[in-house]
Amino acid sequence: MGRKKIVAGNWKMNTNLNEALALINDIQKGSKQFSQVEKIIFPPFPFLKNSVDSLTNETTFYVGAQNCSEHIKGAFTGEVSAEMLKSVGCIYVLVGHSERRTFFKESDEQLILKIQNALKNDLQVIFCFGEKLEERKAGRHFETVKKQIENVLKNFSETELNKFYLAYEPVWAIGTGETATPQQAQEMHAYIRKIMSELFSNTLSQNMPILYGGSCNAQNAKELFSCADVDGGLIGGASLKAADFCKIIASF
Ligand code: PGA
């Protein structure tokens, strides 16, 4: 059996409640016929429960959170724990998104704790990483990605990693309109599989879904998704328009 096909929408800090529910409704209508594709949305925290509730009849459409705390519970004003996310019906959580690494200075140590908490609460982790423009320009993109993966994932067992998805998101492509070419994406995804196979096993590496993220849109998704090692996309901007998101879902 081939790997899953996945299209995930990271809404970031966008929408209000009404807009979020309308967007979900429109995506549901427009993606009904694509039951072979797993759909995941990552709405902002306040809309997670409503989002889960509006998808109760769906079997291939899930809700995830954009982040979770590295702390378990207690006096951490403003934080949201993995247990809270699980209790409102989240299935997935993003860990390591470049905006969290850059703006909120999240370290590998924090990412490890977040993943530990997510796993304790049976959340499935989508682990994100990718090189910055200067790292690519200096030819250090493979080395950077290898470190990002090794530093965090070596702390987990193959059994734990069985439920992970990976998301390669070159920072220079996120929100910039400058997408990686299919060749660049394929080359890196194949490299990521090689690293995973060296760190763990060939079976894990071959079964692990790896998403591409960074200015993936309705125009370029088809070409990106046709790459052998690209199993779908983590979509930012284009996930906020139902028509575009559905077109991306239809791109396999
Ligand atoms: P983008 O964002 O599609 O707007 O580039 C992708 C992401 O940050 O996950």
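Throughout, numbering of the chain's residues begins at 1 and tracks the sequence. Atoms within each ligand, like the ligands themselves, are counted from 1 in listed order.
Residues F252 and Y212 share a hydrophobic cluster, clusters being chains of Ile/Leu/Val/Met/Phe/Trp/Tyr side chains in contact below 4.5 Å.
Using modelled atom types, one finds a donor on one side chain and an acceptor on the other under 3.5 Å when comparing E158 with S201. Side-chain atoms of D53 and N50 form no donor-acceptor pair, as typed in the model, at a separation below 3.5 Å.
Distance check: M208 CE to L166 CG gives 4.5 Å after rounding to the nearest 0.5 Å.
When each of L161, V93, L94, L111 is checked for a side chain to side chain contact (heavy atoms under 4.5 Å, CB included) with F127, only L111 meets the rule.
Looking at N217, its side chain does come within 3.5 Å of a backbone N or O of Q219 through a donor-acceptor pair.
Protein residues lining ligand 1, listed by chain and number: N10, K12, H97, E169, A173, I174, G175, G214, S215, L234, I235, G236, G237 [non-hydrogen atoms, distance under 4.0 Å].
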